[in-house]
Amino acid sequence: MATTPQGSLRQRNVPGASKKSKDKDGSSSDVELDKLAKANAQAAASGSERDYKIVFAFVTALAFLTRFWGISHPNEVVFDEVHFGKFASYYLQRTYFFDVHPPLGKLLFAFMGWLVGYDGHFHFENIGDSYIANKVPYVAFRALPAILGALTVSVTYLIMWESGYSLPACIVAAGLILLDNAHIGQTRLILLDATLVFAMACSLLAYIKFYKLRHEPFSRKWWKWLILTGFALSCDMATKYVGLFAFITIGSAVVIDLWELLDVKRPGGALDLVEFGKHFAARAFGLILMPFLFYLFWFQVHFAILTRSGPGDDFMTPEFQETLSDNVMLANAININYYDTITLRHKETKAYLHSHTDHYPLRYDDGRVSSQGQQVTGYPFNDTNNYWQILPVEENQKMGVTVRNHELVRLRHLVTDTYLLSHDVASPYFPTNQEFTTIAHDNAYGDRAADTLFEVRIEHGKPGQEFKSISGHFKLIHNPSKVAMWTHTTPLPDWGHKQQEINGNKQITPSSNVWIVEDIPSLTEDDKRRVKDERKVKTLPFLQKWFELQRSMFWHNNQLTSSHPYASQPYQWPFLLRGVSFWTQNDTRQQIYFLGNPIGWWIASSVLAIYAGIVLADQFSLRRGIDALDHRTRSRLYNSTGFFFLAWATHYFPFYVMGRQLFLHHYLPAHLASCLVTGSLVEFVFNVEPTPEADTARSGKKGPAAPKRHLTARERFAGQSMLPSWIATIVVLALVLGGWYFFLPLTYGYPGLDVDQILRRKWLGYDLHFAK
C-alpha cells in the first residue's frame, strides 16, 4: 500500500520529517483493527476478481464479434493474401518456395487448410481472383488471424489485470485495441501480423507473470512463466524478424532486474555471486537458448514439409536444390567441356551475357571517354548473340576435356568472332568499375592475351570440381584485375539499345556477381551427354540448410527498397497520416482501406507525450527537493508504465534506421504498447485521493512490513472513489467508438460509399478510392 497520498507534496531533507511517534497504549486495538481490515480487504478482493472476470468475458466476446463479423466478405483475394495464401498452398503441396519471413505464421495457415481438407490447388495469383469459383476454403484461412486478433484483445486486458491496474484502466487499454480499425482490418485477412502482435502481447503477459514471482525464484511457477516467455518470444520472431524487437523489450527489463539482484542493499537481502550466477544462467536458458531451439524447430518443420522442387529453388545454392525431388538440376545438369558453345545467364536479373556489332560511344553523357570497343551487354531474351564458346588458355583442340573449378578460360563470341575482355577503362555507369568489351582474335592471342583470361570460380565449390550447366553457380573473375563480371537492371541509353550494362565489379563477394550456364546449344538433343541416369535426392545437414536459408532471407529482405504507392515513413504512423488500399470493387464502390481508428491513435500518441512530460517533471521536482509522488505510485509509474513505454519505444524507433519498404502495419505492435501506456495513465491521472496507509503514515503509526506480493487494484484504492476514472473511461471509449463506427465501411469493405461520404472520411487527405 502507498505511504503517501498521490497528489500531496512532501519536502525532502526537512528536519523532523522522518521522525516516527510510537503509539504505546493502542497496540491491542490496532491488532483488532488490522484483522478487520484484512478480512474486509479479502472480501473486497473476491468481489473485485468477479468484476474483472465478468468484464473479461464481455470484452472477449466483443473481440470475437468484431473480428468475425462479415469475415466472408470480400470473397476475392485481397492485398497480400496473394503471398501468404499462396505459401499455404505450397506447404500443402510440399512444394519448395522462398519468402523473406520465417515460417511459423505460414505454417499455421497451412495447418488450417489441412484441417478442412484443402489440397492447395489454388495459388492466389492475382488480387481479385474469386475464392468461390476456385473452391477455396478462404473463411477457414481468415479464421486463424481473426481468432488470434480477438485473443490479442483478451491478452491486452490480462496484461493490465496482472499488472494490478484498476478495472477502468484495463477497459481503456483493451477497448483501444477492441475498437481499432487497423487491428480489426489486419486480423480479418490471410496476413501474418495477427500472429506477430498476438505473440508480442503474450510475451509481455508471460514476463509480467514471471516478474511477479521474483520472490519465489526457481519455483515451478517461476520456471513455467520463464519458459513461456521464451516460447512467446520465439513465436514472435519465427513469424517476422521484427519480432526481435520483443527480445529487446524483455531483454532490457531482464538486464535491469539482474542489476537490482546485484545490489547488496536489496530488500530481500544480498545474493552471493553463486546465487546470482544461477539467476543469470536460468534467464539465459529460458530467454535465449530455449527460444533459439524453438525457432530452429519451426525451420525443421519447414524443411521436412517442403521436399519437392518449386519456385523457391532459384534462391538457393545447387547443393541445396539437389535435396529436393523433381529438381531440374538432377535432370538437366551437364558437364561443360572446352569448345562447348554455352549461354550464360545472370542469376539475379535473369539477363543473358550478350554482344553485338555496335560499339561504345566515344564519350558518355558525363564527359568520360570510353574505349569505343564492341558493346557487351545483358539481354533478357534468348538470341544467337548470346552464344559464347568456352576455350582453354592454350588452344590444343583437345575435345572432351571438362572445365573445372578455378581454371582459366577464354570466351569467344561466336557471331562476331571476338573474345571477351575487361580492362582498366571505366564502365558506362560506374566510374569505379571496369568496362567489358571484346577484341579480335589476333589481339586476344597477342599483346592483349592476359586481358582475355577469366577464372571460373564455382560458388562453394571444391578444388577441381567439375563445371556444370544449370547447377554450376559461378563467378567469372577477370584474372589480371580480379574483378567479377556483374550486371544490374538500369538500362543503357539508346546507343546501348536499353540493354543492361555489363561491367567488372571490384567487390567480388556479393551474390549479385553469380551467373549460371543455362544451356549448351552446341549439343544436339540426342547427344549422349544429355542422357542422364536417374539420380537420388541428396541430403544436407539441417544447420547447413538453415544457415543458407537465413543468409538468403536476410539479403533479400534488405533488398526490399523499391518504392510502393502506399509505403509510409515511421514519423507518419503515430499520427495516422496515411493508410493502405487493400481492395476495391468498382461496381459497388466498395473498398477496404487499411487505417487505424484516428481518434484512438491520436489519444494513445498524445498520452505517450504526456507520460514523457510527467516523468521529466517528476525528475525536475526531485532535483529541486520536492517529492510529489509516494513511493508506490512512483514505482508503478517508472517500472510498470515505464515497461509499457519501453515496449513502445523498442517496437517503434528501430524502424527509423531501416532502409526497406515500410507500411502502416509495422506500427501495430508499438500501437498495442501505446494502448497499455494509455490505460495506465488513466489510472495515474484520475486516482489521486489518499490511501488509508497514507493516513497511518501521517499519524506516526508504523504499519506492518510490506508483503512480498503484488497488491490488487482494489487493495491499493480501498476507500477511494473511482468515479473520476470511470468518467474518463466512458469519455475515451465513447470517442473511440464513434471513430470506429465512422470508418467501419472502409474496414469491413461494405457498404459502398458515395462521393460525399468518402470525402467526409478523408480527414488527413487519405488517398481513398471513388472520391470523384
Any side-chain heavy-atom pair of D627 and R634 under 4.5 Å: yes
Please check if atom CZ in F58 has more than 12 non-hydrogen atoms from other residues, nucleotides or ligands closer than 6.0 Å. no
I'd like to know if the side chain of R636 and the backbone of S680 have a donor-acceptor N/O pair within less than 3.5 Å. no
Side chains of I171 and W726: does their closest heavy-atom pair fall under 4.5 Å? yes
Work out which heavy atom in Y571 is nearest to a heavy atom in Y652; give both atom names and the distance. CA-OH, 3.6 Å
Minimum heavy-atom separation for A174 to V59, with atom names? CB-CG1, 4.2 Å
Return the orientation label for the F245 and F655 ring planes: parallel under 30°, perpendicular over 60°, tilted otherwise. perpendicular
Answer yes or no: is there a donor N or O on one side and an acceptor on the other, between the side chain of Y157 and the main chain of Y52, under 3.5 Å? yes
Taking S166's backbone N and O only, do any of them form a donor-acceptor pair with E683's side chain (distance below 3.5 Å, no angle check)? yes
With heavy-atom distances below 4.5 Å as the criterion, would you say the side chains of E162 and K212 are in contact? yes
Heavy-atom distance under 4.5 Å between the side chains of W740 and I184, does that happen here? yes
Please check this pair: side chain of S605 against backbone of P574, looking for a donor-acceptor N/O pair closer than 3.5 Å. yes
Kindly assign one of parallel, tilted or perpendicular to the pair W223 and F285, based on the angle between their ring planes and the thresholds 30° and 60°. perpendicular
Take a 6.0 Å sphere around CZ of F64 and say whether it holds more than 12 heavy atoms from other residues, nucleotides or ligands. yes
Atom CG in L189, atom CZ in F594: separation rounded to 0.5 Å? 10.0 Å
Expected list for residues 667-674: side-chain donor-acceptor pairs under 3.5 angstrom, two or more places apart:
unit_1: Y667; atom_1: OH; unit_2: W648; atom_2: NE1; d: 2.9
unit_1: H671; atom_1: ND1; unit_2: H183; atom_2: NE2; d: 3.1
unit_1: H671; atom_1: NE2; unit_2: W601; atom_2: NE1; d: 3.3
unit_1: S674; atom_1: OG; unit_2: H671; atom_2: O; d: 2.6

Verify the neighbour count for atom CZ of F575: are there more than 12 heavy atoms of other residues, nucleotides or ligands below 6.0 Å? no
Among L148, D236, T152, L107, find the one that has a side-chain contact (heavy atoms from CB on, under 4.5 Å) with T195. L148
Taking the side chain as every heavy atom from C-beta outward, state whether R67 and I147 have any pair of such atoms under 4.5 Å apart. no
Between K224 and F210, is there a donor-acceptor pair closer than 3.5 Å when you use the side chain of the first and the backbone of the second? no
Before you tell me yes or no, could you show the steps for T650 and T249 under side-chain hydrogen bond (donor to acceptor under 3.5 Å, both in side chains), namely the whole-Å CA-CA distance, both residues' side-chain angles and the distance that decides it to 0.1 Å? CA-CA 6 Å; T650 54; T249 302; 2.4 Å; yes
More than 12 heavy atoms of other residues, nucleotides or ligands under 6.0 Å from CG of L616: yes or no? yes
Please walk me through it: do D257 and R214 pass salt bridge (charged side-chain N to carboxylate O under 4.0 Å, His left out)? CA-CA 9 Å; D257 186 32; R214 66 189 182 280; 5.6 Å; no
With sequence neighbours excluded, tell me which residues meet ring-ring contact (aromatic ring centres under 6.0 Å, His included) with Y165. none
Distance-only, no hydrogens or angles: does the N181 side chain make a donor-acceptor pair with backbone N or O of L595 under 3.5 Å? no
N597 side chain vs V736 backbone, donor-acceptor pair below 3.5 Å: yes
If you count heavy atoms of other groups shown closer than 6.0 angstrom to CZ of F218, is the number above 12? yes
Check: A617 main-chain N/O paired with S621 side-chain donor or acceptor under 3.5 Å: yes
State whether the side chain of S234 and the backbone N or O of Y295 hold a donor-acceptor pair below 3.5 Å, judged by distance alone. yes
Centre-to-centre under 6.0 Å for Y211 and W225, is that the case here? no
Flag, side chain of H302 to backbone of W298, donor-acceptor distance under 3.5 Å: no
To the nearest 0.5 Å, what is the distance between NE2 (H101) and OH (Y241)? 10.0 Å
Lys/Arg cation over aromatic F620: R623, 6.0 Å, 45° cone: no
